[in-house]
Amino acid sequence: MDFLGDSYLIGNGAGMEIFGEVGGLPVVDPHNHANVGELAANVNYSDPWRLFAATDHYVWEVLRKRSVGEEFIAGGAPPFEKWMRMAGVFPEIAGNPVYEWIHLDLRRYLGIAEVLGPETGRMIWDKASAVLAQESSRPLALLERIGVEVMCSTDDPVDVLDEHVCVNALAGRLLVRPTWRPDKAMNIHLPAWESYIASLGTRFNASIDSLPSLIQILRDSHDYFAERGCKASDHGVDKPYCGCAAESDAALVFDKAFSGKQISDTECGIFKSYILGEMAEMDAEKGWVFQLHIGAIRDVRASLHDSLGPDVGGDVSDHHIDILGPLRGFLNRFDDRLKVVLYCLEPGHQATLATLARAFGSKVALGSAWWLCDNPIGMRRQLEYIGSVDLFANFAGMVSDSRKLLSYGSRFEMFRRVLSDVLGGMVERGQMPLWVATKLAERMCYFGPKEFFGI
Amino acid sequence: MDFLGDSYLIGNGAGMEIFGEVGGLPVVDPHNHANVGELAANVNYSDPWRLFAATDHYVWEVLRKRSVGEEFIAGGAPPFEKWMRMAGVFPEIAGNPVYEWIHLDLRRYLGIAEVLGPETGRMIWDKASAVLAQESSRPLALLERIGVEVMCSTDDPVDVLDEHVCVNALAGRLLVRPTWRPDKAMNIHLPAWESYIASLGTRFNASIDSLPSLIQILRDSHDYFAERGCKASDHGVDKPYCGCAAESDAALVFDKAFSGKQISDTECGIFKSYILGEMAEMDAEKGWVFQLHIGAIRDVRASLHDSLGPDVGGDVSDHHIDILGPLRGFLNRFDDRLKVVLYCLEPGHQATLATLARAFGSKVALGSAWWLCDNPIGMRRQLEYIGSVDLFANFAGMVSDSRKLLSYGSRFEMFRRVLSDVLGGMVERGQMPLWVATKLAERMCYFGPKEFFGI
Amino acid sequence: MDFLGDSYLIGNGAGMEIFGEVGGLPVVDPHNHANVGELAANVNYSDPWRLFAATDHYVWEVLRKRSVGEEFIAGGAPPFEKWMRMAGVFPEIAGNPVYEWIHLDLRRYLGIAEVLGPETGRMIWDKASAVLAQESSRPLALLERIGVEVMCSTDDPVDVLDEHVCVNALAGRLLVRPTWRPDKAMNIHLPAWESYIASLGTRFNASIDSLPSLIQILRDSHDYFAERGCKASDHGVDKPYCGCAAESDAALVFDKAFSGKQISDTECGIFKSYILGEMAEMDAEKGWVFQLHIGAIRDVRASLHDSLGPDVGGDVSDHHIDILGPLRGFLNRFDDRLKVVLYCLEPGHQATLATLARAFGSKVALGSAWWLCDNPIGMRRQLEYIGSVDLFANFAGMVSDSRKLLSYGSRFEMFRRVLSDVLGGMVERGQMPLWVATKLAERMCYFGPKEFFGI
């Protein structure tokens, strides 16, 4: 019953033994939203709000639910005032993983064991500020303390990856690898697409005025990323695409959009399908992992998006979309020659995705419980199901999907504890011997993802 | 292992402590199907069948599954014979919540601890009959014993609410508030719609012959309900509507239906969308709570509906409907200016609804597990999920949705025990301190709904 | 914590008591894919691979996931080499039920308690080979040891059922009953349909050249199966059909396909709907059980299907199909005059199916967790849900759906243990008395299915 104590999230003895083996393994994090510039600068955080909440829309959303004013969330109030508003409602967000993550971060990495609330907010601010001012609290030192062996940031094809070089030089090893995420090139329906295409041309000293020229520049970027240690692409899609539209059809859509005309949903789908297929070909050639994040319906709350832009909250999942149709085409096209990770946001898609992963053999893996499922119950339900239908051993591994640095620690700890509890429970129920479960856990927490991603 | 004993539904020590704090809180029930006339008359129940089964299609459905003849369910057999048929199959319905509710009601409110079955049926009938004949078993006395502080009945816009006045006078306080449920005005596709519209006009001494005149009378009714203490509307829809159809389009549909012509599904949807939007505006103006019961497909078993009419059983849920499309439009239209409760019938809709509630901030709340999910496992799965994705603290609260008086007690007890077990489990797993869980439970069981509904 | 020990899958004392009563009940298995010829021949198995893996695509799929080459799965490698490849990866498939089934079979029926892995593979092969060579390991002796009282094989309308006669003569009782599975007659869209129709005519010495003549021959086959002890039909459909298309429309589709022309999806649906309805009429007349296996999308991985044919793996479930629309029509057409079992593959369909079963009374039953749900967590989630919404007492019973003989034992043991744990958990939480739970378990494990199927 100890809050975040030794047996946090683990309810059986076998689980404790398993966690004893995997809890301290290095962190291999194939997908996150690391601020690589922050790592390269490696200066102390200005204040606790900056580190814990300023960049994390998971925190923002729960504050909004408790009626905290936007001024104290993503608005202009001073950090300390924001922190105190958060402290004021913090006991009311218990149950949501944000409550556990922030307390874990305070305890495990800053050594502050108090429970955050209106009475303790100022004291914790003061203590945290003092710790954050120390040299041992600089970003790279924190990553060291967390035990991060390697992490893959999320980058755009236009990005120059010099900061990655810088961080790795500082770290003295290949700590941060880039991930190629070309969503903007694919999102032909958005107003910003045309200017993005122009910037992509500028970046590679070429002009893009046709579908083939776009593909060529994407390929140049793909090659460039490979030189900088990239091992995976990542794609965020509202729904899957089969990757098998004809080039000629997609070229017509490109030309239409490029000339400033409005395109239909069907045309948009043709373009996305084609380009996703081409990008998967590039991954297949290089042996990269193709990561697909399926089903996030973003920026649904218009008032938020209108005032603050994208990636600030207001996102949902939708059970009512066709997963099987397009993925069936995609996975057959690339059968046995492309490593794929399927990330599931919507619990209702889990069975379709897990049975597809099962059906398509060793190269298609299920990713960790994503975003709105990235919490103890979401992980537990996912692991129980996919371990029964697919195989635990083929799990693609935990990713932090992090919006802030400390998450690398707390999110991986949460995952490893839930996994230990799930496997430990199976041991206790006589479903597998302890040594088998322990080896599975080690594979899932460390060796498996390292091998699958080649990182 | 004690049947319905002290630790009923609670498997951990922290849960027992939490239930110790919330088990005895007064009942605040924002949604039920109270027979207000029965409360106003306040006479003793004629017999146990009357109280336990005569008005409750939850009971009827399980008897049908066990092949009890319709004559002994909703048919003409004498109450005692019906009771004995029910007793004859009662051990076979274990697992279904009806088994627990009826046994809880017998134990907690009538003091009868025997287990109902073919051998005990007559004895329990006799004991229950004796208890029900006492003055302390009159409806209002039973409500007192259950600890009902306030309850909201479900009423039609045509209803005259004098019985509410009468009950509250008898009770000496505002015990029963009405809820405005205008489904009949919206159901333009049903044969009874036109005569209903006529009765609505008669009720308010006006003639309804156009969409504006219908809206005006609905507004008159809305105002009347407000004067009688109403704080919420309620809407039962097979699927959501976005509430944003144009008035001119809806007026054409009204005129067509009003002139006796057949309307299409699309036209029906336009009308419903428009009128739901108008009704939500009325709620927003008065600060009422807009309750949406989504996804019940009613009267699916034709033989039942043909012989007995509506609301007698034969209802199902359907995973395959679009929730996000229409609700996205609705919630954006009323963003931050309308209190909304979303009730979920189909487990497969839970994630879409919970992420929508999360996205739209403090005014959009998730309602308790509804109807076919209103049982220990349905509640548990819902609470575990929504507490992780949305916030426990924003839960709209338990409602009895009751078809009979004793349900106010047993359904609330079941909920409070499941909630205590879920939160207690989180405490035992180190996810939150006990005092935080206890405060959350108190908020969810009593203070939160009181404040949100303003009752 | 004993691997597959006494308390395997059972975590509470009441569950142990319940399992003590039901664990040893005879096996009644209303649906499997028994190789009746193998039973009739009743000769010893050539080797352990033959018995454990050679006919079981559940095993094949997990080997593929662990990158075992197809040569060592369904290919031409010698059985011992295949066995050793399986042993080599066996610890990595833990969590998947195949791991438990094969270990259960080794322990319970061959007396081999070692854990299969690369080091133990050869020793287990040797031990198993020795046991399999004994007279007591012949198929019928194994069925005796498992305790199979009666089992229903899956047969095609063209099948001559002499092997059934032979097996039952050997067994000295009605051990194996046929099941009428006319999928091939229904699958008008497949290239093989026309030749199948011809073979059906040949089988019954008639020519089929019109829809009425097809129906007549199907009726002859139905009658023939009845004479051989058949009590049920079975139908595998990607999605449900309402069974209410007009004969005249279906006849047009028949004529078109029969003349070698391509038919559309809509036409195919009309034909399937009509013929399914006619076959259900035949079942209703004879009091047979109509079994519907809903939602398996078969042979999705093209490379497997192209090289190995159907029923070798590569099958998935699809959440995104309409269940309610067609089933609503079907169940109303046959309301109260046809015994129906609904088997659910996709967890997302469970609520729709369970509420339909609830709505349509005593003759519509839910079948056991199917295929990709046929594992401890799939069973547990299904039982918890359907027991709360429908009734445990109306459950249609466990079926092995077996692809190999030993499955009759291990799959039934797994089910009975999970059921005992679920019901025992409800007893421990005070939801029903132990004696009530025990009677329910006995009904669900043995008496209920015997009575419902009339076998």
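Computed over heavy atoms, backbone and side chain alike; hydrogens, waters and symmetry mates excluded. Quick note on labels: first sequence line is chain A, next is B, and so on, each numbered from 1.
Not a single donor-acceptor pair under 3.5 Å links the side chain of A:Asp318 to the backbone N or O of B:Gly325.
Interatomic distance, CG of A:Asn96 versus CD of B:Gln431, reported as 11.0 Å (0.5 Å rounding). Taking OG1 of B:Thr352 as the reference point, atom CD1 of A:Ile297 lies at 9.0 Å (rounded to 0.5 Å). Distance check: A:Lys65 NZ to B:Phe392 CZ gives 13.5 Å after rounding to the nearest 0.5 Å. Atoms CD1 and CD1, from B:Ile386 and A:Ile377 in turn, are 12.5 Å apart once rounded to the nearest 0.5 Å. Rounding to the nearest 0.5 Å places CG of A:Leu345 at 7.5 Å from OG1 of B:Thr355.
For B:Asn394, the parts lying under 4.5 angstrom from a heavy atom of chain A are both the backbone and the side chain. Looking at B:Leu356, the atoms closer than 4.5 Å to chain A (heavy atoms on both sides) sit in the backbone and in the side chain alike. If you measure heavy-atom distances from B:His319 to chain A, the contacts under 4.5 Å come from the backbone alone. For chain A, no part of B:Leu383 is nearby; none of its heavy atoms comes within less than 4.5 Å. The contact between B:Asp390 and chain A is made by backbone and side chain atoms together, counting heavy-atom distances below 4.5 Å. The part of B:Asp335 that comes within reach of chain A is its side chain, from C-beta onward, which places non-hydrogen atoms under 4.5 angstrom from that chain. Contact of B:Ala357 with chain A is made through backbone and side chain together, with heavy-atom distances under 4.5 Å.
At a threshold of 4.0 Å, the pair A:Glu92-B:Lys439 does not count as salt-bridged, since none of the basic side-chain nitrogens sits closer than that to a carboxylate oxygen. Taking the charged nitrogens against the carboxylate oxygens, B:Glu384 and A:Arg381 do have a contact shorter than 4.0 Å, which makes a salt bridge.
Residue with the most contacts toward chain B among A:Pro347, A:Gly5, A:Gly313: A:Pro347 (heavy-atom pairs, distance under 4.5 Å).
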